[in-house]
Protein chains: 2
Amino acid sequence: MEIEEILEHFHPLPPASKAALKACISEARYPKGHTLIRSGRVEKTLYFIRSGIVRAYSDADRGDVTFWFGKEGDVVISMKSYVSGQPGYEHVETLEACDLYQMKAQDLEMLFASDIHIANWGRKLIGQELIKTEERLISMQFKTAQQRYLDLMSATPDLLHRVPLCHIASYLGITQVSLSRIRAEIR
Amino acid sequence: MEIEEILEHFHPLPPASKAALKACISEARYPKGHTLIRSGRVEKTLYFIRSGIVRAYSDADRGDVTFWFGKEGDVVISMKSYVSGQPGYEHVETLEACDLYQMKAQDLEMLFASDIHIANWGRKLIGQELIKTEERLISMQFKTAQQRYLDLMSATPDLLHRVPLCHIASYLGITQVSLSRIRAEIR
DNA sequence: CAAAAAAATTTACAAATGATAAAAAAGCAG
DNA sequence: CTGCTTTTTTATCATTTGTAAATTTTTTTG
């Protein structure tokens, strides 16, 4: 997915603003298993996914908990770092070799302060992430694990072929054993 | 809580911008049980809570599911409406008589388009909501209902005295009966 | 291709949660 | 205060989910 398409997806941008954004963006390729964002730090870089899949996870008592999958067109960003300037609680790692567009958070901050179109673009970007997160929260609150699995299957069926089930189970808020049971029932 | 304090809490604002915002804000008092936001509509008003408690909920198969409590200093807004301009999925009702500051969404949009400081203020506002939502999602994914209840108690102990337990149970993603059991265990 | 490692499934049992109904407690109107 | 309504708790049983360990399948690596 080309950078123009990704940027415009959040909110239309006048040509000058788009050019200013693009001027700050470079490309990079990372192998599978590479950590893009590490918890406990104030992250200085953000990414747009040109191709590939990543996951965000947090440390829990027993193992880690995947709470987000990013794919083509998504933004990879430590929300906590980005919003509050404080160390984030999430790790983000690539699950496949990924082509990414990358950008310094500080450059983006400068653009936010100087270009109102970019500021509003950033506002929309965060807003869209918020909606997605809120919808997931609600589905966690009143759907069964089986319904959540079926929803995920119909929304992003390719995920199941590209991501280990242990991460999907964790994303659904259940154990891998539970997920196996659900899958067996459906078959 | 005064409006100045609420506005500044999200992000500092230069005096002129603050004044522009304040010029669009009026005050209103609503009784307990009043519906501020109704699902299926594009909401035209947003609120800041001066005093009182509200809850946001969505319709589910069996009854409604509370997914957010708003209290002093919080913003009440249909995120879906606000971000995407599409009809929202949430209702918001007052759980106490509430003193609110209110504002037309359209006035805010105009300010976003014309004042870069307000655009960035709005960006921060949404960002803070996102962090809160994300943290709740993570806690839903890997904490037990009992842990979530204890967390809620320590974070906002007054909520328990001001909100019926049925809403708190729903907010925690469990039934009221389960919540009663948890409360009995702790005692 | 074969061996080793990792991932996924299955099983048995334990713990947590849900559904339902009934009892107890708390809140409210007259 | 009394009676009525609403809220909360308790009890029972069914279902779901978790834990742990063993087994199978898949993937990786030499």
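All heavy atoms count here, side chains included; hydrogens, waters and symmetry mates do not. So that the names make sense, note that chain A is the first sequence line, chain B the second, and so on, each numbered from 1.
Atom CD1 of A:I174 and atom P of D:dT16 are 13 Å apart (whole Å). Atoms CE (B:M140) and P (C:dT17) sit 11 Å apart, rounded to a whole Å. With rounding to whole Å, B:I186 atom CD1 is found 13 Å from C:dA16 atom P. Summarising the geometry, the separation between NE2 on B:H161 and P on D:dT8 is reported as 13 Å, rounded to the nearest angstrom. With rounding to whole Å, A:Q147 atom CD is found 12 Å from D:dT16 atom P. If you measure from atom CD of B:Q141 to atom P of D:dG18, you get 12 Å, rounded to the nearest angstrom. One atom, NZ of A:K143, and another, P of C:dG18, lie 17 Å apart when rounded to the nearest Å. Rounding to whole angstrom units, CG of residue A:L95 and C1' of C:dA7 are separated by 14 Å.
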Q: Summarise how protein sits on nucleotides 9-15 of chain C as a single string, 5' to 3': B when a protein heavy atom is under 4.0 Å from the base, S for sugar-phosphate-only contact, - for no contact.
A: BBBB---
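Side chain of B:E93 to backbone of B:R55: no donor-acceptor contact under 3.5 angstrom is found. With hydrogens and angles disregarded, no donor-acceptor distance shorter than 3.5 Å links the side chain of B:S180 to the backbone of B:V177. Between the side chain of A:S84 and the backbone N or O of A:K80 there is at least one donor-acceptor pair closer than 3.5 Å.
Nearest-nucleotide positions on DNA chain C place B:Q146 closer to the 5' end than the other of B:K32 and B:Q146.
For the pair B:T175 and C:dT17, the criterion of a side-chain N or O lying under 4.0 Å from OP1 or OP2 is not met.
Note on ring orientation: taking the six-membered ring where Trp is involved, the planes of B:Y57 and B:H91 are parallel (angle under 30°, cut-offs 30° and 60°). Relative ring orientation between A:F48 and A:F10 is described as tilted, the plane-to-plane angle lying within the 30° to 60° band.
Tracing side-chain contacts under 4.5 Å through hydrophobic residues (I, L, V, M, F, W, Y), one reaches A:V92 starting from A:Y47; they form part of the same cluster.
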